[in-house]
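Below is one structure, written out as structure tokens, with a few remarks after it.
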Amino acid sequence: MSIFKKLIPPPEWRLPVLILMGAMTGLTLYALIESKAVSYLSDDPKTCANCHVMTPQYATWQNSSHREWASCNDCHVPQDNVFKKYLFKAKDGMYHASVFLTRGEPEVIRMKEAGVEVVQSNCIRCHEDQVTDARLSGLVEDHKENRTERKCWTCHQEVPHGSIHSLSSVKYYGKIDEEHQETVPAWLSKYLKESDNQKNKKDE
Amino acid sequence: TERKMEAKFAYTPMVEIKKLEPRNEVWGENFPREFQSWSKTEQSDFKSKYNGSAEIDMLEVDPRLVVLWAGYGFAKDYNQSRGHQHAIDDLSNSLRTGGPTGPNDGPMPSTCWTCKSPDVPRLINEIGVNEYYSGKWASKGEEIVNSIGCANCHSEKSMKLTITQPALIEAFARQGKDITKASHNEMRSLVCAQCHSEYYFNKNLPESKGIPYLVFPWDEGQTVEDMEKYYDNVGHVDWTHKISKAKMLKAQHPGYEVFKMGIHGQRGVSCSDCHMPYKTEGGQKFTDHHIQSPLNNVANSCQVCHREEKEELIKNVFDNQDRIIENRDQLERLLVRAHVEAGKCWELGATEAQMKDILHGIRLGQWRWDYAAASHGGSFHAPVELGRVIGKGIDITQETRIKLAKLLMTLGFNGDVPYPAIETKEAAQKFIGLPMEKLEAEKEKFLKELRPKWQEAAKKREATY
Amino acid sequence: TERKMEAKFAYTPMVEIKKLEPRNEVWGENFPREFQSWSKTEQSDFKSKYNGSAEIDMLEVDPRLVVLWAGYGFAKDYNQSRGHQHAIDDLSNSLRTGGPTGPNDGPMPSTCWTCKSPDVPRLINEIGVNEYYSGKWASKGEEIVNSIGCANCHSEKSMKLTITQPALIEAFARQGKDITKASHNEMRSLVCAQCHSEYYFNKNLPESKGIPYLVFPWDEGQTVEDMEKYYDNVGHVDWTHKISKAKMLKAQHPGYEVFKMGIHGQRGVSCSDCHMPYKTEGGQKFTDHHIQSPLNNVANSCQVCHREEKEELIKNVFDNQDRIIENRDQLERLLVRAHVEAGKCWELGATEAQMKDILHGIRLGQWRWDYAAASHGGSFHAPVELGRVIGKGIDITQETRIKLAKLLMTLGFNGDVPYPAIETKEAAQKFIGLPMEKLEAEKEKFLKELRPKWQEAAKKREATY
Ligand SMILES: [Ca+2]
Ligand SMILES: [Ca+2]
């Protein structure tokens, strides 16, 4: 109660503060919408690439052996606990959105320490049975630790983003395939729709 | 919204750029990002351990150079390179180019302008190669005023990278290679190879007799031995050393040649990847035209390919440089000794026959030193190769000093020829007998009187474009 | 979880391994994949440009070595290294170890066994370090029979990597470092540093007077200069050169030291990453214990980190090696000359005082050569550093030859001391006066008579384990 009171500004400040708060809320909303931050909650890699700063990672991932197995979030978000997953996402999402909007992104983006730990534990999550030998775990002290303490990508340097990292490393910066490729042009797909539908009906 | 629009917006040209337009500002109207970054080559405030954009008087840093170059222009004045925007000023200010008082005066030929300006391709296009290379440096003073820029590397029509340096095209042709077949990635280094290459002036070309024609000595290859073979074959001599009388070779920035032998060159990394890295601003990808030491820009250059911290990467560079430069400096000391020992032999009445092998040895040893020393960045670009070159240079120079020791004793001299007192640039220049005051006065006069006239004349000419 | 349970049940150890069990087969019962791959170090069929597992007689390949080592065991016999499984045989077969006829006979001390077998840690544990290092090599012939294996690097209880080499632990301690604090990744190189390190025998340790105690000379650091300083400080001399009478140092495989100065070492890549890379069999990753040249296994070693073609990677290695070895070979020639020139000086009656600096110069020059030459793989592990070391070696050796040239003339000798006729190993060994037939006969006798007895005795002993 008394804490709230302290937070209420003196009368002569109330109007400007209200305006300021309104502006901040608006800006935050704008930020959330503009960056499609809500999409952060989805697991679709395209939502990461919404934000053109992520295109290089999207493009390299798309050409990697992991495309069919692991989405961005499989690696970059904690997968051991649902609560942690969304907390991490929200924190990350807000941070990325604010950097993006203030144009603070560096030419070469690098994972922060927290992110590194998350990815490492996700590599291990999928590959534990391959990199550690269940049999040896019984006989060799620290077997698992020895096998998993070094960052996997110090050796597997190309997994999954390749070894060149830069906003400028992809040709069509700011565009992911969906946006500039029409595999079947609109006029043609309109024409095709009917026959498609018919085919589907038949199958049923 | 703005940022999304930005990404979609393509350039619409603001002005039409004329063929071989020499004025960088004009190109800048259409390409503001490239122009603005190019403009930063004006900055002269970064100093790394051995390089950087700051003005560094190399003769001050290392007075041994004065002795090594005794009898040659470099002993008068030699600075560490600065940004491209200083090329015209530095050429004009250098004591090497003397103090011409009129178009046919001064120690240097027109050819010296060649790697300094986009006015050069323009002029070659207007008057022809032979005519351009003819005459004194001062004869083109009114024509060449814009510092290294767009027209040196770009075609104004397509903005494609292009080679405007006759010497490079000809060197490729003589090796049976067609430079127009170069890939885009190769071009990202070849535009630099236009200037950052070893060269000499050949006055004996059949079609250009007497004209100091710019030639890259690559016919036998680009290693230190290959180029030496070339020079020995054509009997080229840059100057006769004042003290030892050896017929010397001067190596001039074999940057491209050395770079190609290093691991980055071998892997297809181009000069531009490190010195002009891509940059993305507001959704637009462009090339950073602020050409400089990558150590002033590690985040955008090295870290694109390397995950290490900036400090670690800089340490890697310094480690390589320290290891190379330690022996390079020692080779300099040995060469200083060789020159003064040879000088002593002459003094004691040695004959040409007695001196022949010795002088050739000095030539070969110093050529190796210079190949390594003049190739700025080479200690990082290809440290293993330069280690080899310097090791061999030490071997040859010391073998020569064995001959000198024997000859000195034969001539009746038993002691050690003392190492000269060359603690400072001044002391060293005095030791080799350079009239510095006179040279400086001449230069001052030129800068006060003739040069402003050139600039004025150029302004008038350009106003008519 | 299911799999973990499974592990505990299904995978109970087949045998219990005793503390410091020397027999690799026994460990192999529990760890078949590692044992089977370890067994492949038997293979001797791979030859790269300069290395590989094949038996290569280095004195045959390069007879200059015979002259450089005149007066020392290495002039008798020196081969390129082979796989770990050959260590005992190669030690026994080498002419360097002579032909002992009984436990107190032969030119070499017990200490020579130290890096050849897991019987060594066992024996040290049984009889103590001083006792182990005492006596002739032949005195331990019955005890040491298993070639380099599991117990050298692993603790049988936890299978953890472990250091069993007293010299390494002591070297760390003298530098104020605690080897038990090493990280797992460091251990992946330190287990190799147990043996692939420069060493000498110190007979003057306070607690081990007269015993040739194994010591790594790292107190001042690990560069060529640091270790030289150490040796100069303690006044160590490996042998007196037969021709020049110089007090020489022998460098022995400073593999770890040199590796650490290269870019891979700097980046935290470990010996095991290249020489024992992971391998996948049946979906399981394990450590390939077939330690060998990575050039015979580029796919699992280099290509995990580098995407280039195998041929390209091998070319990178050869390029580095070629560049280093060119000057290394030249340094050998210069050292041969220095030795024979010094020999000539003695012949002409030079005094100790006249020779003092010269002999010290030869010592320092050859030490640098050997540091580079003995560090197998070093031309790839740290080419820039070795280029520096060899360049400096050339400088010192040639400076010494200048002194020699002057002294020779002072002594009245005016010509060139001829380069010896050492085209073949035989010629070179004859030149330095080695009684090869006698040495070979002694060895043959030893191998026929004494060695089988050792093996028999060992079999009996091991049967009681
Ligand atoms: Ca500079
Ligand atoms: Ca070998």
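Letters A, B, ... are given to chains in the order of the sequence lines, protein chains preceding strands, and every chain is numbered from 1. Any value given below was found using the heavy atoms of this structure, including those in side chains, with hydrogens, waters and symmetry copies removed.
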Legend entry - Contact leader toward chain C among B/Val389, B/Val384, B/Leu408, where contacts are heavy-atom pairs under 4.5 Å: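 When all of B/Val389, B/Val384, B/Leu408 are compared, B/Val384 has the most.
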
Legend entry - With sequence neighbours excluded, residues passing side chain to side chain contact (heavy atoms under 4.5 Å, CB included) with C/Pro420: C/Val336, C/Val340, C/Ile422, C/Phe431

Legend entry - Inter-residue atom distance B/Ile402.CD1 - C/Leu334.CG, 0.5 Å rounding: 7.5 Å

Legend entry - Under 4.5 Å from any heavy atom of chain C - which part of B/Ile263: side chain

Inset, instruction - Measure distances from C/Leu331 to the heavy atoms of chain B and classify the residue's part below 4.5 Å as side chain, backbone, both or neither. - result: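 When you check distances to chain B, no heavy atom of C/Leu331 falls under 4.5 Å.
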
Can you check whether chain B and chain C share any donor-acceptor pairs under 3.5 Å, and give the atom names and distances if they do?
from     : atom 1 : to       : atom 2 : distance (Å)
C/Gln266 : OE1    : B/Lys315 : NZ     : 3.2
C/Arg267 : NE     : B/Glu308 : OE2    : 3.1
C/Arg267 : NH1    : B/Asn316 : OD1    : 3.0
C/Arg267 : NH2    : B/Asn316 : OD1    : 3.0
C/Glu308 : OE2    : B/Arg267 : NE     : 3.2
C/Lys315 : NZ     : B/Gln266 : OE1    : 3.1
C/Asn316 : OD1    : B/Arg267 : NH1    : 2.9
C/Asn316 : OD1    : B/Arg267 : NH2    : 3.0
C/Arg323 : NE     : B/Glu385 : OE1    : 2.5
C/Glu326 : OE1    : B/Arg388 : NH1    : 3.3
C/Glu326 : OE2    : B/Arg388 : NH1    : 3.1
C/Asn327 : ND2    : B/Arg388 : O      : 3.0
C/Gln330 : NE2    : B/Asp395 : OD2    : 2.7
C/Glu385 : OE1    : B/Arg323 : NE     : 2.5
C/Arg388 : O      : B/Asn327 : ND2    : 3.0
C/Arg388 : NH1    : B/Glu326 : OE1    : 3.2
C/Arg388 : NH1    : B/Glu326 : OE2    : 3.2
C/Asp395 : O      : B/Gln398 : NE2    : 3.3
C/Asp395 : OD1    : B/Gln398 : NE2    : 2.9
C/Asp395 : OD2    : B/Gln330 : NE2    : 2.7
C/Gln398 : NE2    : B/Asp395 : O      : 3.3
C/Gln398 : NE2    : B/Asp395 : OD1    : 2.9
C/Gln398 : NE2    : B/Glu399 : OE1    : 2.9
C/Glu399 : OE1    : B/Gln398 : NE2    : 2.9
C/Glu399 : OE1    : B/Arg401 : NH1    : 3.2
C/Arg401 : NH1    : B/Glu399 : OE1    : 3.3
C/Lys406 : NZ     : B/Asp416 : OD1    : 2.6
C/Asp416 : OD1    : B/Lys406 : NZ     : 2.6

